[in-house]
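Heads up, the thing below is written out as structure tokens.
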Number of protein chains: 2
Amino acid sequence: MRLNQLDERIVHALAEDARRSYADIGAEVGLSAPAVKRRVDRLREQGAITGFTVRVDPAALGWETEGFIEMYCRSNTSPEDIRRGLERYPEVASASTVTGDADAIVQVFASDMRHFERVLERIAGEPFVERTRSVLVLSPLVRRYGSGSPA
Amino acid sequence: MRLNQLDERIVHALAEDARRSYADIGAEVGLSAPAVKRRVDRLREQGAITGFTVRVDPAALGWETEGFIEMYCRSNTSPEDIRRGLERYPEVASASTVTGDADAIVQVFASDMRHFERVLERIAGEPFVERTRSVLVLSPLVRRYGSGSPA
DNA sequence: ATTGAAACTGACATATG
DNA sequence: CATATGTCAGTTTCAAT
């Protein structure tokens with residue numbers, strides 16, 4: 001699917017501040033407020049916009065420990081099974097199925113090492129998980145596009 | 001203190017849908033709308049919440065290929081060297097030094113496979129990089145706290 | 001474009017530790 | 001005494017006619 005230039009500018013404006021009013025965005029792109037809303041509604045229906053979220057600084061919230069968990073799942077596990085299993089954990093910031101040895105990579109933020117270990121044990125104990133391999137983040141180097149961490 | 005607990009629930013609610021009304025969130029966490037707003041304002045002042053953004057389908061914006069690159073660096077490479085080397089790539093969404101075999105994990109968004117390969121080759125050619133291992137994302141399952149895609 | 005409804009924001013009073 | 005919450009009014013924003 002392709003977005004026209006107007007849509008891209010609207011999306012860009014929302015990416016910078018998703019709580020701007022439609023009138024405000026309209027003034028920037030040269031449309032009336034209702035026209036902007038119609039486009040946003042259409043973008044949501046088409047799936048180009050999947051929702052609105054908040055950018056957080058994990059450290060400021062006390063999530064000082066970050067890590068990646070590679071999941072190796074039982075052979076008949078579907079991506080949807082994994083998603084349902086993981087979405088209950090507030091510590092899970094992102095998760096994707098991937099190519100390679102592991103079946104999925106899960107990004108986890110925890111308050112400290114003990115907390116991280118607890119989450120790791122619970123995830124490893126999910127029925128569809130065969131084994132896990134985890135690495136801890138030492139230093140966040142680059143964090144763009146709101147990929148969640150210190151500014 | 002369980003004040004922090006309340007903040008976490010509010011952030012979690014906003015992470016799922018940043019356009020929910022304060023009254024709606026308050027009903028969920030057991031506060032009035034103004035009380036929720038005050039906490040959100042305080043979280044923004046403290047830097048815990050850095051902004052509100054839109055979740056977009058990367059494919060709709062032309063970023064159809066996502067992957068992780070594990071970097072194995074020369075022994076005397078500092079994290080700062082890696083950061084300086086990677087920040088020039090707009091395709092790099094995040095990068096962190098990690099424990100384990102690899103020295104760093106880099107998250108990359110590209111327009112297509114050819115683009116991804118080109119970025120991979122350029123990164124692998126950086127003077128401080130000894131070798132790389134990369135995995136491609138098949139399906140994004142969970143994407144919270146703004147850990148998303150380029151906007 | 002206009003109108004009715006809903007949400008946000010700031011002020012004030014109160015309860016709690 | 002300080003902090004946080006709830007209620008209320010004024011204003012803005014939204015959504016549908």
What's the closest nucleotide to the side chain of B/Lys37 if the choices are D/dT7, C/dT9, D/dA15?
C/dT9
Between D/dG6 and B/Arg38, counting only base atoms on the nucleotide and side-chain atoms on the residue, is there a donor-acceptor pair under 3.5 Å?
yes
Base, sugar-phosphate, or nothing for A/Pro34, non-hydrogen atoms under 4.0 angstrom?
nothing
Of all the nucleotides listed (D/dT13, D/dG6, D/dT5), which has the minimum atom distance to the side chain of A/Ser21?
D/dT13
Whole-Å distance between C/dC8 C1' and B/Arg44 CZ?
14 Å
Give a yes or no on whether a salt bridge exists between A/Arg42 and A/Asp7, defined as a side-chain N under 4.0 angstrom from a carboxylate O.
yes
Working to the nearest 0.5 angstrom, can you tell me the gap between B/Thr65 OG1 and B/His115 NE2?
9.5 Å
Does CZ belonging to B/Arg122 count more than 12 external heavy atoms closer than 6.0 Å?
no
Rounding to an integer number of Å, can you tell me how far B/Leu6 CG sits from D/dA4 P?
12 Å
Whole angstrom is fine here: how far is it from CZ in A/Arg19 over to C1' in C/dC8?
9 Å
May I have the distance from B/Tyr22 (atom OH) to D/dT13 (atom C1'), rounded to whole angstrom?
14 Å
Take atom CG of B/Leu31 and atom C1' of D/dA4, then tell me their distance rounded to the nearest Å.
9 Å
Measure from CG on B/Asp24 to C1' on C/dC8 and round the result to the nearest Å.
14 Å
For atom CZ of B/Arg20 and atom P of C/dA7, their distance in whole Å
12 Å
Less than 3.5 Å apart, any donor N or O on the side chain of A/Ser21 or A/Asp24 sitting next to an acceptor on the other?
no
